[in-house]
Every structure is written in C-alpha cells, then in structure tokens.
Student: 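Input: one structure, supplied below.
The figures that follow rest on heavy atoms only: side chains count, while hydrogens, waters and symmetry mates do not. So you know, we letter chains A, B, ... as the sequences are listed, proteins then strands, and number each from 1. None of these values were measured; they are calculated from a predicted model.
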Amino acid sequence: MDRVKLTIDGRAVEVPAGTTIYKAAKELGIDIPILCYMDLKDLNIENKPGGCRICVVEVEGRGNLASSCSTNVAAGMVVKTNSMRVINARRTVMELILSDHPKDCLSCAKSGNCDLQDMAVKLGIREIPGQEYAEMSTYRLDTSPSIIRELDKCIMCRRCETMCNDFQTVGALHAVNRGFESVVAPAFEMNLEHSPCTYCGQCVAVCPTGALTEVDHTSKVISALNDPTKTVVVQTAPAVRAALGEEFGMEPGTRVTGQMVSALRQLGFDYVFDTDFAADLTIMEEGTELLGRLTRFMEGDEEVKLPILTSCCPGWVNFFEYNYPEMKEIPSTARSPQQMFGSIAKSYFAEMIEVDRKDMVVISIMPCLAKKYECQREEFSVDGNPDVDYSITTRELAHLIKQANLDLAKLDSDDFDAPLGESSGAGVIFAATGGVIEAATRTAYEIYTGKVLEKVDFEQLRGMEGIRSAKVDFDGQEINIGIAHGLGNARKLLDDVKAGKSQYHAIEIMACPGGCIGGGGQPLHHGDASILKARARAIYAEDRDKPIRKSHENPYIKKLYEEFLGEPMSEKAHELLHTHYFDKRKKIFQV
Amino acid sequence: MSSVKIELRQDQIEKIDSICESFGNQEGELINVLHKSQETFGYLPAEVQEVISEKMEIPAAKVYGVVTFYSFFSMIPKGEFPVSICTGTACYVRGAETVLNEFKKQLEIEVGETSTDGKFSLSCLRCVGACGLAPVVTVGDKTYGRVAPDDVKEIISEYLK
C-alpha cells in the first residue's frame with residue numbers, strides 16, 4: 001500500500017494512504033480529542049459521522065478546519081492540532097454542544113463516567129455563553145425494564161445507532177427529525193418497549209453522555225438488605241469478577257473474585273452464591289438436550305431439530321423471538337443460568353433452610369442489561385413471585401460497594417457459600433464468547449464417549465473473531481460447532497439455518513462483543529476494545545486455576561440431582577429449569 | 001411528528017408492496033418508494049411505513065428517520081389546499097416568519113397540522129428556488145411572491161369561495 005508523508009504539529013510522520021488525520025496523529029502519540037468518533041478496532045466497529053466537530057484541526061492551505069476523524073491524510077499535508085484557531089474553534093463547538101445540555105451533572109447517572117463531562121474538563125470550559133436565551137430540549141423520559149432514555153442529554157453522536165444497526169442489526173434506534181428536534185429514537189418515537197430492542201445494552205455501553213443509562217435497582221437491593229424479615233441471596237455472573245476491579249482503578253483483567261465475595265458479605269447478603277453453579281447446571285441440562293437431539297439425528301430421526309442453539313443470553317433470546325419466531329423450536333429449552341439459579345434458590349435451597357419463597361429475595365449481579373428484563377418475564381415467577389427479584393449490573397454493584405465505604409482492593413479474599421456457590425472452571429468460561437459451547441463440549445464428550453477427556457482446553461473454540469467454526473472429534477464422530485458474538489454475526493448464522501444451509505450441530509450465540517465480558521452492564525470501555533481481551537484472559541485464567549473444570553464433576557451439582565431433581569431433563573428439571581419461547585414479532589408497534 | 005392511526009386494507013398493502021417491488025426492494029430506493037407512496041396515499045401514516053419496512057427489510061426506525069428528516073414527507077393527511085411557507089435563508093431574512101405567524105393565526109393551526117374542516121394544512125419548506133420573490137408562499141401548485149402579513153387574509157379567502 002502507498003505510504004504518505006505529512007507533518008503534524010511540526011513532527012513528520014509516514015502512514016498508509018487512506019489513513020485519517022486522527023489516526024496519523026495517534027501514531028505520534030498525539031491524542032486529538034473526540035466525542036462522536038468511536039473506533040472499536042478488534043470488533044470492526046467504527047462510528048465516524050464527523051458530526052460533533054470536536055476533533056477539528058487546521059490543515060495548511062485549506063480554508064476551513066477539517067474534522068480529523070473523517071479527513072484522510074494527503075502527501076505533504078501540514079496539520080496543526082493545537083493552534084489558537086483550533087483551540088478556539090474546539091471550545092466554541094463545546095460551548096454550543098453544552099448550550100442546550102442539561103446542567104444536572106451532580107445528580108446525573110453518568111457523572112464521573114461521562115465523556116462529555118471529561119471533554120468539558122479537558123477543554124477548560126468555565127462558562128457557557130448564551131444561557132439566558134438558549135432553548136432547552138424537553139424530550140420525554142422513556143423508561144423500559146432495562147434502559148432509560150433521557151434524550152435531552154443526547155448530543156447526536158450516533159454511536160448507539162451504529163451499535164444497534166451496524167453491529168447488532170437490531171434496528172431499534174435511528175436518528176429522526178431534523179435540526180434542533182433531531183434525536184435518536186425508535187420508529188414513530190414509541191418507547192423502547194414497543195420497538196425491536198433486545199435490551200442488549202450496547203447503546204448504553206457506548207453512549208458518551210447520560211442519554212442512555214440502565215434502570216438502577218440499587219436502592220431496591222439496599223431496602224431488601226435492611227429488611228429483617230427477608231433472607232437475601234445473591235448470585236454473581238462469571239463475567240463480573242473479571243471487570244469489577246476496573247471500577248476501583250485496577251488494571252483491566254484483574255481478577256477480583258475473592259474480594260467481590262468479601263464485599264458482598266460485608267454488604268449484608270445472607271448467602272453469597274455463584275451464578276457459575278447454575279452455569280454448571282445449565283451444562284447438565286443443555287448438554288443432555290444436545291446429546292439427545294444428536295443421538296436421535298444419528299439414528300436417522302428426521303423430525304429432530306438441529307443445530308441446537310444456546311439459550312443463556314437474554315438479549316439473544318429477545319432477538320430471535322422478534323426476528324426468527326418461526327424457528328423458536330430450535331434453541332435449547334434450558335433457561336439461562338440466572339433463571340436456573342433463581343428457580344433452584346427459591347425451591348431446593350429455600351426448602352433446605354426452611355424459608356418461604358416469599359421471604360427470600362434473590363439478587364443477581366450481572367454484566368448485562370437484558371437480565372433486568374429477563375427476570376421480569378412472567379414465565380419466570382411462581383404466583384407472581386419472581387425467581388430472581390432484582391438484577392443489578394457490575395456498575396451498580398460497584399456503586400453499592402463504594403456507598404458502603406469499602407475499597408475492593410483492600411478487602412481480603414473470601415469464598416462463596418455452599419451449596420450454590422461451588423462451581424467448575426466450565427461454569428466460569430460462560431463469560432467469554434465460545435465459553436458455553438466449550439463447557440458443554442467438556443461434559444458432552446465424556447457422556448457421549450464414556451471416556452475421560454485428557455485435554456479440557458478447546459483452544460479452537462476461543463478467540464475474538466465475530467463468527468468462528470470448529471470441529472470437535474467425539475471419538476470418531478465429528479461435531480460441527482458454530483460460534484457468533486454480536487447479533488449481526490448471529491443473524492448471518494441464523495439466515496443459513498433458516499435457508500437449510502447450516503452444517504452445524506450446535507451454535508453458541510452471545511449478543512455482546514466478546515460475550516458477557518463485553519456486556520452492556522460492565523464497566524464502560526470508553527472505546528478501548530483491548531479491555532475486552534484482558535477480561536477474556538482473566539476468565540480463562542480463572543478456569544485454569546479451578547480444581548474442577550467439568551460441570552458434571554461439580555459435587556454440589558451431583559448432590560442437587562441426587563437429592564432433588566433426579567436426572568437431567570427429568571420432569572422436575574423440566575418444570576424448574578426449562579422454558580419455551582414466544583413470537584414477539586407482532587407485539588411491537590401495537591400500542 | 002404527530003400522526004393519524006389507520007387500518008390498511010389488503011389492496012392498499014398490496015399497492016405498497018408493488019411500489020416497493022417496482023424499485024426492486026432496494027434499500028437505496030427508499031426515498032423514491034416513500035415519494036411514490038405519499039403520492040398514492042396523500043401522506044405516510046405509520047402503518048404504511050411499517051409495510052415498507054417489512055417489505056424492504058429496512059428497520060422501521062430508519063424509515064421513520066427518513067420520513068421525519070425531509071419536510072416534503074408528511075404523516076398526517078394534507079389539507080385540500082396545502083399551504084407552504086418557504087423559510088429558506090432569503091425568505092427568512094425578508095420576513096417569512098411574520099408571514100408564517102399570520103397564517104397560523106388566521107388558520108388556527110400549527111405547522112404540520114391540518115384544519116379541522118380538512119381545507120388547509122400548513123408546512124414550512126426550505127427554498128423553492130424563487131429567492132428573488134422572497135418571501136414565498138405556495139398553496140397547492142400556485143406560488144405567491146413578496147408576501148406580506150397583510151396579504152395573508154386575501155390569499156386564504158381565494159380558497160374559501
């Protein structure tokens with residue numbers, strides 16, 4: 001490829017033709033401020049509307065200033081990123097953006113974690129001229145089970161639109177209206193609840209302001225913890241332990257499992273359990289279902305539905321209920337680990353400790369916003385009492401810990417409670433893309449072949465590629481596995497299945513980039529996708545260090561089947577651990 | 001954008017389908033499909049946009065985004081005599097806003113609305129290419145130039161006969 005020489009701030013640099021000024025400056029270590037621009041390199045996601053004009057630079061010989069994120073370099077170009085003219089323009093742009101932005105920073109959910117606020121600090125904004133006559137937007141507040149849209153705070157960067165349309169192909173959000181009225185909204189400006197939104201939360205994960213935030217349940221958790229009549233049980237999703245530390249200034253990828261358990265205990269939870277236990281349980285049920293369908297297929301049963309699709313991810317479940325309702329018989333009927341946990345906690349465990357399910361509150365800590373919606377689904381409750389009462393995100397847990405005057409880094413390591421806190425390494429890797437299918441493979445292999453698996457690490461199933469495929473040898477029987485993360489990638493695999501072209505026996509799908517580690521409820525990555533890789537490394541390290549690495553070897557899982565469930569896919573297991581899906585396509589727009 | 005709730009008949013759905021097909025269901029033809037649909041129905045209610053979205057496999061949010069971006073498209077039925085006031089730069093500086101306000105007052109409707117008797121609707125547009133006549137008002141196919149607020153009553157009365 002041709003290379004181009006240019007000068008930026010008096011320093012020479014040579015970059016491939018077609019590089020933007022912004023990226024060329026980065027080569028020199030010059031960080032041009034950006035607001036709407038977003039580059040998630042590892043995920044091939046780039047948002048480049050060139051709309052906010054914060055990244056403008058001066059190009060010698062050019063009349064106007066150029067937006068560096070969307071202007072390519074040219075040979076001999078002389079660029080200034082910090083001249084008086086540039087700095088003045090940048091400040092004016094910022095003042096204009098802020099002129100109609102609400103000034104409630106102190107009480108904003110994004111305060112302290114807001115790209116817009118950081119930019120105001122960086123540019124040294126001390127006053128916002130024209131406040132006395134600036135017209136303020138008065139868009140209505142939209143609250144859904146998972147996400148709150150407060151569009152007065154939208155700066156039209158359109159990052160959310162890029163995630164929702166290009167990466168997820170969900171198409172719930174789009175820029176609508178014109179001029180001052182323009183916002184990013186669902187069709188006909190309906191509420192999110194009446195759109196194809198899956199609650200994956202990737203819009204929230206990239207929003208640079210407080211326009212998109214999660215529904216906060218921390219006060220409900222505090223109330224439950226302070227209610228002496230309630231037994232409060234907490235479960236923590238695998239991905240949380242690989243990211244929570246970031247909220248306390250630790251390096252991405254720092255494992256904080258033990259400190260997290262300590263913190264939860266100090267917060268006053270009566271039982272600190274692990275969703276990983278339920279992940280092991282999921283493998284028992286989903287793995288058995290997979291083997292059942294496979295065996296019938298091998299025996300020539302033409303009725304059997306293959307490939308089997310994983311069903312742990314509630315964003316993905318919402319996606320196929322809306323987009324592929326005609327295929328709702330294909331996904332595994334196994335409930336997600338969050339829901340399996342709730343169901344077992346409020347039956348098996350409640351009986352064990354002799355507590356009525358109405359006096360038990362189950363809280364889940366999830367990297368996810370769709371989990372908030374999932375636990376409110378009617379089918380996951382008994383007589384109106386939900387199996388999981390509240391689901392809070394990794395970020396909300398960090399707030400709870402900080403409010404309790406605890407510093408995660410200074411806490412001693414502690415262990416989960418028994419019996420629902422014990423898990424295998426297979427349960428841990430649910431957090432990363434490919435992890436569920438790897439965990440299932442470890443167990444299915446041993447049950448199918450009757451042999452002991454010597455090497456439990458299936459490297460071919462790991463990685464960050466959006467779509468991956470691998471063959472696993474089940475003692476002479478080749479199993480074809482497909483993996484997708486990101487709903488746009490999932491759609492490609494699903495379209496093949498729909499067209500009858502899919503060669504896979506099993507497909508794992510996760511809605512978020514990197515799997516749950518990149519979930520919409522995780523600490524914000526602020527556009528740095530390398531953070532996701534660090535979290536994945538932490539998850540696989542956690543798995544390696546576990547004494548037990550296969551779900552079916554978890555002694556508490558064995559005990560649960562012996563004492564309570566019987567065997568996988570038993571009638572009781574069906575009642576408590578399985579579900580069915582709905583056709584949601586016709587449900588939207590009908591208000 | 002405000003809208004009117006309607007139920008489409010089967011033959012209307014088929015009509016929209018055939019419009020989409022005439023443009024090869026190509027995403028890039030969305031604006032043309034919307035033009036043709038508005039020509040057919042007189043306006044673009046949500047129900048029509050939904051059918052277009054489904055047929056062309058374009059998210060409804062995007063279809064709506066395009067409809068609300070261009071002032072030419074409307075989600076409510078236009079009046080028998082659609083009144084448009086140009087608020088492009090030239091017309092604006094020569095007093096389009098005062099003319100617009102007079103129309104609002106006389107017709108008792110806001111921009112984007114249709115009078116209760118269905119006779120008049122009011123919209124703004126950006127430049128009709130007759131800047132020399134600024135400020136410009138169009139009623140249906142007829143163009144009025146150098147309109148002053150005092151002229152508004154007379155213009156309206158032309159259509160009340």
Student: Could you give the distance from CD (Glu189(A)) to OG1 (Thr68(B)), rounded to the nearest 0.5 Å?
Tutor: 6.5 Å
Student: So does Tyr92(B) have more than 12 non-hydrogen atoms from other groups sitting under 6.0 Å from OH?
Tutor: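 Result for OH/Tyr92(B): open.
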Student: Inspect the surroundings of NZ in Lys48(A) and state if more than 12 heavy atoms from other residues, nucleotides or ligands are less than 6.0 Å away.
Tutor: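 Counting neighbours around NZ of Lys48(A), more than 12 heavy atoms of other residues, nucleotides or ligands fall under 6.0 Å, so yes.
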Student: Does Lys36(B) NZ have over 12 foreign heavy atoms under 6.0 Å away?
Tutor: no
Student: For the residue pair Phe69(B) and Asn177(A), what are the closest heavy atoms and their distance?
Tutor: CD1-O, 3.9 Å
Student: Check Ala61(B) against Ala185(A) and note the closest heavy-atom contact, atom names and distance.
Tutor: CB-O, 4.0 Å
Student: Please report the interatomic distance CZ(Phe188(A)) to CE(Met75(B)), rounded to the nearest 0.5 Å.
Tutor: 5.5 Å
Student: Counting heavy-atom pairs under 4.5 Å with chain B, which one of Ser182(A), Gly179(A), Gly171(A), Ala172(A) comes out on top?
Tutor: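 Between Ser182(A), Gly179(A), Gly171(A), Ala172(A), the count favours Gly171(A).
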